[in-house]
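This report concerns only the one structure given below.
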There are 2 protein chains.
Amino acid sequence: MEIKLAVAKTNKYATSESGDSVEVVERPNGGISVVMADGQSSGKGAKQISFLVVRKVISLLSEGVRDGAAARAASDYLFTERKGKVSATLNIVSIDMQTTTMVITRNNPVPVLIATPEEICALDDESNPIGLYRGTRPLISEVPLEPGLTVVVYTDGLVHAGSRSGESMDIKTFLQSLIEEENDEEEARPQAIADALLKHAIYLDHGRPVDDISVVVIQVSSQPTDSVRRMTVELPIN
Amino acid sequence: MEIKLAVAKTNKYATSESGDSVEVVERPNGGISVVMADGQSSGKGAKQISFLVVRKVISLLSEGVRDGAAARAASDYLFTERKGKVSATLNIVSIDMQTTTMVITRNNPVPVLIATPEEICALDDESNPIGLYRGTRPLISEVPLEPGLTVVVYTDGLVHAGSRSGESMDIKTFLQSLIEEENDEEEARPQAIADALLKHAIYLDHGRPVDDISVVVIQVSSQPTDSVRRMTVELPIN
């Protein structure tokens, strides 16, 4: 088995910085975690917030703190730092090699999609962003690591794409079509899924995203591996 | 322009964990840093050391600490934690958007290769690992971000591959041939370079790496970009 993870993100049109932050970190007891935060509003201020949240979470995770505790700590930290005046959404997805599960932690009204070879379901129970209140709790789901499992996490920029012209994307249906399309040949590659979702969102926004958009896709692949761990980053600069 | 980064790493044969750690982190003032450490010996103990070093460095970098200071701090920290009895090598390569340069920090006897469209040169001045002495200093080089620049950083597993059978790789010549080969069509992709170097090393070790091997390739590409930031991870699991 192999875990494949892909991230695609872009800025709100005409802003120099994305208010979303996404980082991947190795877990001290095996596995990896991806942490995504979306800071309130956009631009530099939002980036500071999301960066602060992600930094706090990855720092705790790399010390072996469990995901739920890290999310609570990030919430209390943001609440204390900004006196409850600023919010951020937070998602953590971990491949935990101690429990051989995927742990999905959500402090985000936006749902998380879980696709298995049989169906796609949405984790969409009510969940609040962090930073506004004391005692904010995350929602946590744990899913066994089984081949064919694909989890898609995104910020609200993907949900709201096209809303100005009244043609938002049905993300679940779009994901379904991507997975079915590729299944004819082989597993849909996470990067292809992330890119297709982002591309369609930018198209709906007529090439000028109305918000920062981040898409994270994590897949448990049954493909044989060569025991090589790989990572790539593509960073556009002006 | 676009920064492209690729990492390929594998474990010493018959060990469950690599003693090398590599992490990528976003810089608070723009850009990214990749941090690579190789802990003394191999297996779990080495992993703990390299993880501790990388964690310390990325935590400091994400607070805005400059690379050289982060390397010194990691050295003092390891020296204090392990009473000068354990060493680790440390490399940091940063894309610093404040200075528009690539900053290469080295506490590693193993050289770093810098390829431009004209030539390949090695940063091979004497450099010591961290953790053994007080006051260990890194070597720091700063290179302008120009299209066609490719930097290759690796742990000693790549250097020692094949040494048991007396047929080590001439890494510089091998890199040269990879770059020339691909130049006929287009820029050599960093992942292709990292994979080819690692693959050849494993071949020289007859499929059973005698040490952990990590290869990091960072390239400044002139290719036009779509303003999308991307990241992928492939993590083999058993």
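Chain letters run A, B, ... following the sequence lines, proteins first and then strands; every chain starts at 1. All heavy atoms count here, side chains included; hydrogens, waters and symmetry mates do not.
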query = So which of A:Glu17, A:Gln191, A:Lys47, A:Lys199 has the biggest tally of heavy-atom pairs under 4.5 Å with chain B?
reply =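 Top option by heavy-atom pairs under 4.5 Å: A:Gln191.
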
request  = Pick whichever of A:Ser62, A:Ala194, A:Ala8 has the most heavy-atom pairs under 4.5 Å with chain B.
outcome  =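 Top option by heavy-atom pairs under 4.5 Å: A:Ser62.
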
query = Of all of B:Ile32, B:Val34, B:Val22, which one pairs up most often with chain A through heavy atoms under 4.5 Å apart?
reply =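 Heavy-atom pairs under 4.5 Å are most numerous for B:Ile32.
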
Sort [X] into side chain, backbone, both or neither according to what part of it lies under 4.5 angstrom from a heavy atom of chain B.
| X | value |
| --- | --- |
| A:Gln48 | neither |
| A:Val217 | neither |
| A:Ser59 | neither |
| A:Leu145 | side chain |
| A:Ile237 | both |
| A:Arg55 | side chain |
| A:Asp195 | side chain |

ask   = Is it true that a side-chain atom of B:Glu23 and a backbone atom of A:Glu26 form a donor plus acceptor pair closer than 3.5 Å?
value =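 At least one qualifying donor-acceptor pair exists.
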
ask   = How long is the gap from CG on A:Leu198 to CZ on B:Arg230, to the nearest 0.5 Å?
value =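 One gets 7.5 Å once the value is rounded to the nearest 0.5 Å.
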
task = Check the side chains of A:Thr10 and B:Ser227 for a donor-acceptor pair under 3.5 angstrom, ignoring hydrogens and angles.
result =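 Side chains of B:Ser227 and A:Thr10: no pair found under 3.5 Å.
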
task = Run through A:Leu235, A:Val216, A:Thr232, A:Val24 and flag the one making a side chain to side chain contact (heavy atoms under 4.5 Å, CB included) with B:Met231.
result =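 When side chain to side chain contact (heavy atoms under 4.5 Å, CB included) is applied between B:Met231 and each of A:Leu235, A:Val216, A:Thr232, A:Val24, only A:Val24 qualifies.
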
query = Would you say B:Arg27 has more than 12 foreign heavy atoms packed within less than 6.0 Å of its CZ?
reply =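 Count over threshold, so yes.
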
